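Worksheet for the structure shown next.
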Amino acid sequence: MSNIKGILKIQKNIISDERGSIRHMLKATDPEFDKFGEVYFSTAYLNVIKGWHLHTKQTQNYVVVSGMIKLVLLDKRENSNTKGLLEEHYLGELNYSLCKIPPGVANGYKVIG
């Protein structure tokens, strides 16, 4: 759950069997899907911090498929009633979820596992 306006955190499915697993991220039929822009993958080493990132037009969809991160969000939007609010979310193998971040919310993360 998020207190910052517009942040969505959605638990995602992991389907496992004796061959391995499938992890859903985002489908066009999901209510949180807006449109396709781009997909990219990032790697980082343990205890590395990547941030701050601030997009003015682009919505970010964070999913961590390996390891764990502490994702930090800061609302920088001038007209937001949650402007200045800072919060942390933990994403990864132990909490497989998608975090949708609207434009104007600064984000950064630290690899914690």
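None of these values were measured; they are calculated from a predicted model.
For Y45 (side chain) and V111 (main-chain N/O), no donor-acceptor pair under 3.5 Å exists by modelled atom type. Checking side-chain atoms of S97 against main-chain N and O of N95 turns up a donor-acceptor pair under 3.5 Å.
Linking Ile, Leu, Val, Met, Phe, Trp and Tyr whenever their side-chain heavy atoms come within less than 4.5 Å leaves L73 and M68 in two separate clusters. Put simply, L46 and V64 are part of the same group of oily side chains (I, L, V, M, F, W, Y) that touch within less than 4.5 Å, one to the next. Hydrophobic clustering (side-chain heavy atoms under 4.5 Å, transitive across Ile, Leu, Val, Met, Phe, Trp, Tyr) groups I14 together with I10. L71 and W52 end up in different hydrophobic clusters when Ile, Leu, Val, Met, Phe, Trp and Tyr side chains are linked at under 4.5 Å. There is no path of hydrophobic side-chain contacts, each under 4.5 Å, that joins I69 to I112.
Put simply, NZ on K76 and OG1 on T56 are 13.5 Å apart, with the number rounded to the nearest 0.5 Å. Rounded to the nearest 0.5 Å, atoms CG (N107) and OH (Y62) are 4.0 Å apart. The CG atom of L26 lies 6.0 Å from the CD atom of E32; values are rounded to the nearest 0.5 Å. The structure places OH of Y96 at 9.0 Å from OG of S21, a figure rounded to the nearest 0.5 Å. Here the straight-line distance linking atom CG of L98 with atom CD of Q11 works out to 10.5 Å at 0.5 Å rounding. With values rounded to the nearest 0.5 angstrom, F33 atom CZ is found 9.0 Å from N61 atom CG.
What you find for S80 and D75 is that their closest heavy atoms are OG-OD2, 2.6 Å. Between L74 and G84, the closest heavy-atom pair is CD1-O, 3.6 Å. Shown here for T43 and K50, the closest heavy-atom pair between the two residues is O-NZ, 2.8 Å.
Remark: K100 pairs with D34 by the salt bridge (charged side-chain N to carboxylate O under 4.0 Å, His left out) rule, at least two apart or across chains.
Contact of the I7 side chain with the P102 side chain is registered, since non-hydrogen atoms from C-beta on lie closer than 4.5 Å.
Counted within 6.0 Å of CD1 on I15, heavy atoms from surrounding residues, nucleotides or ligands total more than 12; the atom is thus considered enclosed. Within a 6.0 Å radius of NZ in K12, more than 12 heavy atoms belonging to other residues, nucleotides or ligands are found.
Test V72, V105, I4, T82 against E87 for side chain to side chain contact (heavy atoms under 4.5 Å, CB included) and you get one pass: I4. Of the listed residues (K9, Q60, Q58, H53), just one forms a side chain to side chain contact (heavy atoms under 4.5 Å, CB included) with I101, and that residue is Q60. Exactly one residue among R77, K5, E78 makes a side chain to side chain contact (heavy atoms under 4.5 Å, CB included) with K83. That residue is E78.
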